[in-house]
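One structure below.
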2 protein chains.
Amino acid sequence: MNTNTPNYRSECPLSTALDVIGDKWSLLVVRDMCMGKARYGDFLSSPEGIPTNILANRLRRLEETGIVEKKPYQIKPLRYEYFLTTKGTDLLPVLQQLAIWAHKHVPECGTPPDWFLDAKPDDLVKNH
Amino acid sequence: MNTNTPNYRSECPLSTALDVIGDKWSLLVVRDMCMGKARYGDFLSSPEGIPTNILANRLRRLEETGIVEKKPYQIKPLRYEYFLTTKGTDLLPVLQQLAIWAHKHVPECGTPPDWFLDAKPDDLVKNH
DNA sequence: TAAGTCACTTGTATTTTACAAGTCATAAGC
DNA sequence: GCTTATGACTTGTAAAATACAAGTGACTTA
């Protein structure tokens, strides 16, 4: 018996994507992982200032939806680092297009770095 | 004196994009306009079931941010149709990448139509 | 033994979203 | 002329998501 009910708003893939990662913070956590951040404190230190309870909740949800997986980096006390799965790195084109759009149309915002725009999902896979 | 304070979370273009269109409904309204919908009732009839007050609010915000513009289609009583500006049609690559991602990674969701995946922002410009 | 670090959790306030109902201008039918 | 219908909303209130401040637990270091 399935305990979790995804219950998407419709069968439209765009709508479904937004149901999974269409909140205020998820894609910013994914962005941080694209940039090599891996630990709780790394994510908290980003300039947007995600609240700590929201971060804990988003890491849990991203793991439940298979976008992120965690690996222990020490055992006393047990602590984890978080990495993108293939499902997670495949969000890179979404992030790139959002950044391109804002850079083109929102004058107040910064310039995305070239390495980011040129990157491909495979480039983000951790080698260890 | 500037009355509206955009106040984005950071200068990161991704973060800025999410501050503008990163809510639960905005991109679905943009999607509807990509599909040729233009009137209040058209948007309400989409399968996701946007609440009417949220729709009114999103149309106003999308217009204020220059993503959408409205044109009257009758004068008694005065009624408007809503269309994407260039800033709006340039969101198409974002929608496409989100749809591609969900189609690849979320098994329950539907298949995006070829015309949608093949479309380019210029194709969406209204000719009248 | 005391203070510090890291990764959280808990409690409550604020903001956003949801749902139901009502309004307003006008048109259409009887 | 009066009632019903239509389209595009607004208003009121409930529910859910997010924000902020503070606290907890397992250690490590001084």
Given dA7(C), dC9(D), dA22(D), the nucleotide with the shortest approach to the side chain of Tyr40(B): dC9(D)
Glu48(B)-Ser10(A) side chain donor-acceptor pair, cut-off 3.5 Å: yes
Separation of atom OH in Tyr80(A) from atom P in dC27(D), rounded to whole Å: 13 Å
Arg60(B) side chain, from C-beta outward: closest of dT10(D), dA18(C), dA8(D): dT10(D)
Nearest-nucleotide pick for Arg79(B), side chain only, options being dC9(D), dA18(C), dA25(C): dA25(C)
Residue closer to the 5' end of DNA chain C, Ile50(B) versus Tyr73(A) (nearest nucleotide): Tyr73(A)
Sugar-phosphate, base or nothing in reach of Phe43(A), heavy atoms under 4.0 Å: nothing
Any Lys24(B) side-chain N or O less than 4.0 Å from OP1/OP2 of dA18(C): yes
Closest to side chain of Ile54(B), choosing from dT9(C), dA25(C), dT17(C): dT17(C)
Minimum-distance nucleotide to Pro77(B) side chain [options: dC27(D), dT17(C), dT26(C)]: dT26(C)
Spacing between Asn53(B) atom CG and dT15(C) atom C1', to the nearest angstrom: 14 Å
Which nucleotide in dA19(D), dA22(D), dC27(D) has an atom nearest any side-chain atom of Lys76(A): dC27(D)
Short side-chain N/O contact from Arg58(A) to OP1 or OP2 of dT18(D), under 4.0 Å: yes
Value in whole Å for how far the P atom of dC20(D) lies from CG of Leu55(A): 15 Å
Interatomic distance where CG belongs to Leu44(A) and P belongs to dC20(D) [whole Å]: 13 Å
Spacing of Ile75(A) atom CD1 relative to dC27(D) atom P, expressed in whole Å: 10 Å
Criterion side-chain hydrogen bond (donor to acceptor under 3.5 Å, both in side chains) against Glu81(B), the qualifying member of Lys70(B), Arg39(B), Gln74(B): Arg39(B)
Spacing between Gln74(A) atom CD and dT28(D) atom C1', to the nearest angstrom: 10 Å
Glu11(A) atom CD: more than 12 heavy-atom contacts under 6.0 Å: no
Cationic tip of Arg61(B) above Trp25(B) ring, under 6.0 Å, 45° of axis: no
Between dT16(C) (P) and Leu18(A) (CG): distance, integer Å: 19 Å
Residue Trp25(A), side-chain heavy atoms: nucleotide from dA19(D), dT17(C), dC19(C) that is nearest: dA19(D)
Between C1' of dT9(C) and CG of Leu59(A), the distance in whole Å: 14 Å
OP1 or OP2 of dA7(C) under 4.0 Å from side-chain N/O of Tyr82(A): no
CG/Leu78(A): more than 12 non-hydrogen atoms of other groups inside 6.0 Å: yes
